[in-house]
Amino acid sequence: MGKRVAVVLAGCGVYDGSEIHESSAVLVHLSREGAQAEVYAPDVDQMHVVDHVKGQPTQEKRNVLVESARIARGNIKDLAKLDVKELDALIIPGGFGVAKNLSTWATQGKNCVVSKEVEAALKAFHAARKPIGLCCISPVLAAKIFPGCELTVGHDTECEKWPYAKTADTMKELGCKHVNKHVTEIHVDVKNKLVTTSAFMCNAPMHEIYDGIGKMVKEVVRLA
């Protein structure tokens, strides 16, 4: 029986939900490792809906669980029903939905609030000493909840390749240790069983992002 890994999504689409390529990469690599993905999302309204052609918010309203079901091919559960005892690990892909629907990081930065159900899930896996994998922007959730933990969102010096590097500085202000890593690398916080990789925090070729996520997934499954 393969490991059972909870994958928590935040909608469907980089600007207002889960990053689709990151989510797909997580699911593909879990399959490759012989693990069973159990997909969850909170049953809440999105902060807003973004037209992905124009990059602008619209007046539309969408539900995070309903939108996440698109990526999960309909095989998804309400995050409120997650039971850590039935699972071996947790992975949260990135995308702005993490900072908009799973937390208020997009509007409040280090003063953000993590959604009650997401915080409960992260704390439950942490308390059970079960590994947590985070990529792209999702390490900010751990930065907020687990002071002193070690994480990577890539590099901490902003440039064309690393346009979101200031995120690392904000995480440091929360008392975390940020470790600079290339997009194809991961960082493992052994004490907290946190595995992180930068993914689309870096302007990198798609295959490099895919490979970095693969290493994260492989390590999460190994630790489970």
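What you are looking at is a predicted structure, and each value in this text was computed from that prediction instead of being measured.
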>> Students often mix this up, so state it plainly: with edges at 30° and 60°, are the rings of Phe96 and Tyr164 parallel, tilted or perpendicular?
In response: perpendicular

>> One thing to verify: whether Lys172 and Asp156 come together as a salt bridge, which I'm taking to mean a side-chain N less than 4.0 angstrom from a carboxylate O.
In response: yes

> Are Met216 and Ile91 side-chain neighbours, meaning at least one heavy-atom pair lies under 4.5 Å?
Replying inline: yes

> With sequence neighbours left out, what residues match Asp43 under side chain to side chain donor-acceptor pair (under 3.5 Å)?
Replying inline: Asn63

>> Under a 3.5 Å distance rule, please check whether Ser24 uses its side chain to pair with a backbone N or O of Ile20 as donor and acceptor.
In response: no

> Should the pair His182 and Trp162 be assigned to parallel (<30°), tilted (30 to 60°) or perpendicular (>60°) ring geometry?
Replying inline: perpendicular

> Are Met47 and Val50 linked, directly or through other ILVMFWY residues, by side chains that come within less than 4.5 angstrom of each other?
Replying inline: no

> Can you list the steps and then say if Met171 with Val140 is a side-chain contact (heavy atoms from CB on, under 4.5 Å)?
Replying inline: CA-CA 7 Å; Met171 289 162 66; Val140 301; 4.0 Å; yes

> So, Asp51 side chain and Val53 main chain: donor-acceptor pair closer than 3.5 Å or not?
Replying inline: yes

>> Could you see if Val153 belongs to whatever hydrophobic cluster contains Val179? Use Ile, Leu, Val, Met, Phe, Trp, Tyr and a side-chain cutoff under 4.5 Å.
In response: no

>> Using only atom types and a distance under 3.5 Å, with no angle test, would you say the side chain of Ser18 pairs donor to acceptor with the backbone of Ala10?
In response: yes

>> Within the 4.5 Å heavy-atom criterion, are Thr196 and Cys135 side-chain neighbours or not?
In response: no

> Do Asp189 and Lys191 come close enough that some side-chain heavy atom pair is under 4.5 Å?
Replying inline: yes

> Can you tell me if Ser138 uses its side chain to pair, donor with acceptor, with the backbone of Gly94 under 3.5 Å?
Replying inline: no

>> One thing to verify: whether Lys215 and Glu185 come together as a salt bridge, which I'm taking to mean a side-chain N less than 4.0 angstrom from a carboxylate O.
In response: no

> Do you know the tightest heavy-atom contact between Tyr40 and Asp78?
Replying inline: CD2-O, 3.7 Å

> Should Lys100 and His48 be marked as a side chain to side chain donor-acceptor pair (under 3.5 Å) after you check the CA-CA gap, both sets of side-chain angles, and the distance that decides it?
Replying inline: CA-CA 8 Å; Lys100 293 176 176 180; His48 62 187; 2.9 Å; yes

> So do the side chains of Leu9 and Val64 get within less than 4.5 Å of each other, counting heavy atoms only?
Replying inline: no

> Any donor and acceptor pair, going by atom type alone, linking the side chain of Lys3 with main-chain N or O of Val221 inside 3.5 Å?
Replying inline: no

> Is Val8 linked to Val84 within one hydrophobic cluster, defined over Ile, Leu, Val, Met, Phe, Trp and Tyr using a side-chain heavy-atom separation of less than 4.5 Å?
Replying inline: yes

>> Less than 4.5 Å apart, side chain to side chain, heavy atoms only: is that true for Pro57 and Val49?
In response: no

> Is any NZ, NE, NH1 or NH2 atom of the basic residue among Glu119 and Lys116 found under 4.0 Å from an Asp or Glu carboxylate oxygen of the other?
Replying inline: no

> Going through the checks in order, is the side-chain contact (heavy atoms from CB on, under 4.5 Å) test met by Leu141 and Phe146?
Replying inline: CA-CA 8 Å; Leu141 301 172; Phe146 308 124; over 6 Å; no

>> Please check this pair: side chain of Thr197 against backbone of Ile213, looking for a donor-acceptor N/O pair closer than 3.5 Å.
In response: no

> Can any side-chain N or O of Glu19 pair as donor or acceptor with the backbone N or O of His21 at less than 3.5 Å?
Replying inline: yes

> With the 4.5 Å side-chain cut-off for hydrophobic clustering, are Val220 and Val190 part of the same group?
Replying inline: yes

> Can you name the closest pair of heavy atoms from Arg62 and Glu67 and give their distance?
Replying inline: NH1-OE1, 3.1 Å

>> For Glu160, is there any backbone N or O sitting under 3.5 Å from a side-chain donor or acceptor partner on Asn203?
In response: yes

>> Donor-acceptor check, side chain of Lys166 to backbone of Glu158, threshold 3.5 angstrom: yes or no?
In response: no

> Can you tell if the side chain of His187 reaches within under 4.5 Å of the side chain of Leu151, non-hydrogen atoms only?
Replying inline: no

> Side chains of Phe200 and Ile209: closer than 4.5 Å at any heavy-atom pair?
Replying inline: yes

> Step by step, would you call Tyr210 with His29 a ring pair (Phe, Tyr, Trp, His ring centres under 6.0 Å)?
Replying inline: CA-CA 9 Å; Tyr210 184 91; His29 285 297; 4.4 Å; yes

>> For residues Leu65 and Val44: do they belong to one hydrophobic cluster (side chain heavy atoms under 4.5 Å, members Ile, Leu, Val, Met, Phe, Trp, Tyr)?
In response: no

> Under 4.5 Å between any side-chain heavy atoms of Leu122 and Ile92, yes or no?
Replying inline: yes

